[in-house]
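Here is the structure we will look at, set down as structure tokens.
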Amino acid sequence: MRSFLAVNFSIMDILERMLARAKANPRRIVLPEGDEERTLEAADILLKDKVANLILIGNPEKIHQMAAERGLTHIGEAKIVDPQHNPDLAKYAGLLYELRKAKGMTEEEAAKKAQDPLYLGCLMIKAGDADGELAGARGTTADTIRPAFQILKTKPGVGIVSGAFLMLTPAKHLGENGVLMFADCAVNPCPDARELAQIAVTTAETARSLAGIEPKVAMLSFSTKGSAKHELIDKVTEATKLAKEMAPDLAIDGELQADAALIASVAAKKAPGSEVAGKANVLVFPDLQAGNIGYKLVERFSGADAIGPILQGIAAPVNDLSRGCKVQDIVQMVIITANQAI
């Protein structure tokens, strides 16, 4: 594990715990970009360490040739599915047609889509032939999410998919010994109050299940407890109210400015008596602009590790990569996807 993870004790502790869990409960994880160089190198590491049962989608001859050229000796342990010559094409095409015929999809269109690796990966999950998927080294977030929306849908009671980042900072006095979750930093440009509430609840669940921290959720704004008045603040306060109704046992408060959410001395002045202010470890941003800018600033200014985006709300684990990802990022995200699938 230490050969491909940054030497940061928080990240090592969390990912080693998730690694052990994944190895003890192997899951079938689809990599639709099976002939992408970084993906293939990550797959070799994961197969060597027996982290997951990997399914690579791509031309088998090309994949084996790439592996041989790079000295990747474990690729043969993966299941390789050729989307153009798939013996299960009729099964997956029929499944897609049944799922989408009410939306106007024809059988011919379903057969064509079932050969698209991103659609095929989700169809394999829907059919029970895989447990999770990771993609995005080549394509956009929209390319990854669209088939998941159409085939897997969202979890019961959840109407929105969001993207969280696991932030591991050297500032041990913040969050949970420097560990925080940020959302939504990847998907929804301008969620309304109900959507923001769902993002808060699902991010708290992610913090608990993946990071192993008891969530204390701060709904962020440019106001703390009425210090300013604006319709943007009203959205955050309404979202806080709705989130409390959705998850009555969840420690959540808002609206809070970032300093009031994180720093005890500031919280004592701005939000006295709050169970979250000064102790927050889950930060929910009011919109995508704030969330995306915020996580990137923290990552660059503090030297934090930003792991994600971890997609939340989909009925089965499907995660997205940055097109600028490194092999290490892919390894980490497969570990996370496997843990979501357990």
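Atom set for the values below is all heavy atoms of this structure, side chains included, hydrogens, waters and symmetry mates excluded. Note that this is a predicted model, so its numbers are computed, not measured.
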* Are a donor atom and an acceptor atom from the side chains of Q312 and T203 found within less than 3.5 Å of each other? -> yes

* Whether over 12 other heavy atoms sit under 6.0 Å from K244 NZ -> yes

* Structure fact -> Interatomic distance, CG@L47 vs CG@L56, rounded to 0.5 Å, equals 7.0 Å

* Return yes if some donor-acceptor pair links the side-chain N/O of N188 with the main-chain N/O of D287 below 3.5 Å, else return no. => no

* Looking only at atom types and distance, does a side-chain atom of K235 sit under 3.5 Å from a main-chain N or O of P286, one as donor and one as acceptor? -> yes

* Asked: Does any N or O in the side chain of D143 come within less than 3.5 Å of the main-chain N or O of T140, such that one atom is a donor and the other an acceptor?
  -> yes

* Asked: Going through the checks in order, is the side chain to side chain contact (heavy atoms under 4.5 Å, CB included) test met by L15 and L19?
  -> CA-CA 6 Å; L15 284 176; L19 174 66; 5.9 Å; no

* To do: Would you check if there is a donor-acceptor pair between the side chains of Q150 and Y119 at a distance under 3.5 Å?
  => yes

* Minimal non-hydrogen separation, I45 against V327, with atom names -> CD1-CG1, 3.9 Å

* Is there a path of hydrophobic side-chain contacts, each under 4.5 Å between heavy atoms of I, L, V, M, F, W or Y residues, that connects L180 with L297? -> no

* Residue pair E37, R70: steps toward the salt bridge (charged side-chain N to carboxylate O under 4.0 Å, His left out) verdict -> CA-CA 9 Å; E37 181 178 349; R70 290 160 178 77; 3.7 Å; yes

* **Cationic N near anionic O, under 4.0 Å, D234 to K229** => no

* To do: Measure from the side-chain N and O atoms of D329 to the backbone N and O of C325, and report whether any donor-acceptor pair falls under 3.5 Å.
  => no

* Flag the pair V179 / N281 as yes when at least one side-chain heavy-atom distance between them is below 4.5 Å, and no otherwise. => no

* For the atom pair OG1 (T337) and CE (M18), what is the distance rounded to the nearest 0.5 Å? -> 10.0 Å

* **Note, K112 side chain near E108 side chain (heavy atom, < 4.5 Å)** => no

* To do: Could you tell me whether a side-chain N or O of S223 sits under 3.5 Å from a main-chain N or O of A228, the two making a donor and an acceptor?
  => yes

* Asked: Going only through I, L, V, M, F, W and Y residues with side-chain contacts under 4.5 Å, is there a path from I14 to M333?
  -> yes

* Asked: So does K62 pair up with D82, basic N to acidic O under 4.0 Å?
  -> no

* **Within-4.5 Å side-chain heavy-atom neighbours: E109 and Y97** => no

* Measure across A316 and I125 and return the closest heavy-atom pair with its distance rounded to 0.1 Å. => CB-CG2, 3.6 Å

* Asked: With side chains defined as the heavy atoms from C-beta onward, is the minimum distance between L54 and K79 less than 4.5 Å?
  -> no

* From L321 atom CG to K326 atom NZ, the distance as rounded to the nearest 0.5 Å -> 11.5 Å

* Atom of G34, atom of L40 and distance for their closest heavy-atom approach -> O-CD1, 3.3 Å

* To do: Look at the rings of F165 and Y295 and say which category their plane angle falls in: under 30° parallel, 30 to 60° tilted, over 60° perpendicular.
  => parallel

* Taking everything shown except E77 itself, do over 12 heavy atoms lie less than 6.0 Å from its CD? -> yes

* K153, NZ: over 12 other non-hydrogen atoms inside 6.0 angstrom -> yes

* Determine whether the side chains of Q340 and N319 contain a donor N or O and an acceptor N or O closer than 3.5 Å. => yes

* N-O pairing of K225 and D253 below 4.0 Å -> yes

* Do any N or O atoms from the side chain of Q198 and from the backbone of G159 form a donor-acceptor pair under 3.5 angstrom? -> yes

* Asked: Do R27 and P317 come within less than 4.5 Å of each other through their side chains, counting heavy atoms only?
  -> no

* Asked: Are the charged groups of E238 and R194 less than 4.0 angstrom apart, N to O?
  -> no

* To do: Check the pair M124 / V81 against side chain to side chain contact (heavy atoms under 4.5 Å, CB included), numbers first and verdict last.
  => CA-CA 11 Å; M124 293 179 75; V81 176; 4.2 Å; yes

* Which atom pair, heavy atoms only, marks the closest approach of A52 to V334? -> CB-CG1, 4.5 Å

* Pairwise distance CG(D305) to OG1(T169) - rounded to 0.5 angstrom -> 9.5 Å

* Asked: So does Q289 have more than 12 non-hydrogen atoms from other groups sitting under 6.0 Å from CD?
  -> no

* To do: Check C190 against E195 and note the closest heavy-atom contact, atom names and distance.
  => O-OE1, 4.4 Å

* Residues, nucleotides or ligands: over 12 heavy atoms within 6.0 Å of K91 NZ -> yes

* Test V158 against T202 for side chain to side chain contact (heavy atoms under 4.5 Å, CB included), laying out the working first. => CA-CA 9 Å; V158 177; T202 55; 4.2 Å; yes

* ILVMFWY cluster, V282 and V298 together (side-chain gap under 4.5 Å) -> no

* With the threshold set at 4.0 Å, does a side-chain nitrogen-carboxylate oxygen contact exist between E36 and R38? -> yes

* **E245: side chain to side chain donor-acceptor pair (under 3.5 Å) partners, not counting sequence neighbours** => none

* Structure fact -> Between the CG atom in D259 and the OG atom in S265, the distance rounded to the nearest 0.5 Å is 9.0 Å

* Step by step, would you call V318 with I145 a side chain to side chain contact (heavy atoms under 4.5 Å, CB included)? -> CA-CA 8 Å; V318 173; I145 292 179; over 6 Å; no

* If Ile, Leu, Val, Met, Phe, Trp and Tyr residues are connected whenever their side-chain heavy atoms lie under 4.5 Å apart, and connections chain through other members, are L118 and I63 in the same group? -> no

* Asked: Would you say I293 and F285 make side-chain contact, with heavy atoms under 4.5 Å?
  -> no

* Under the 3.5 angstrom rule, does the side chain of E33 hit a backbone N or O of A135 as a donor-acceptor pair? -> no

* Please determine which of L311, I160, D320, L288 meets the side chain to side chain contact (heavy atoms under 4.5 Å, CB included) test together with V187. => L311

* To do: Can you see which heavy atom on K216 is nearest to which on E176, and at what distance?
  => NZ-OE1, 4.5 Å

* Asked: Is any side-chain heavy atom of P215 closer than 4.5 Å to a side-chain heavy atom of M181?
  -> no

* **Min side-chain heavy-atom separation D35-M66 under 4.5 Å** => yes

* Between Q65 and E61, is any side-chain donor less than 3.5 angstrom from a side-chain acceptor? -> no

* Linked, directly or transitively: L283 and I233 (ILVMFWY side chains, under 4.5 Å) -> no

* Salt-bridge contact D116-R146 (side-chain N to carboxylate O under 4.0 Å) -> no

* Structure fact -> Rounding to 0.5 Å, atoms CG (L220) and CD (E255) come to a distance of 10.5 Å

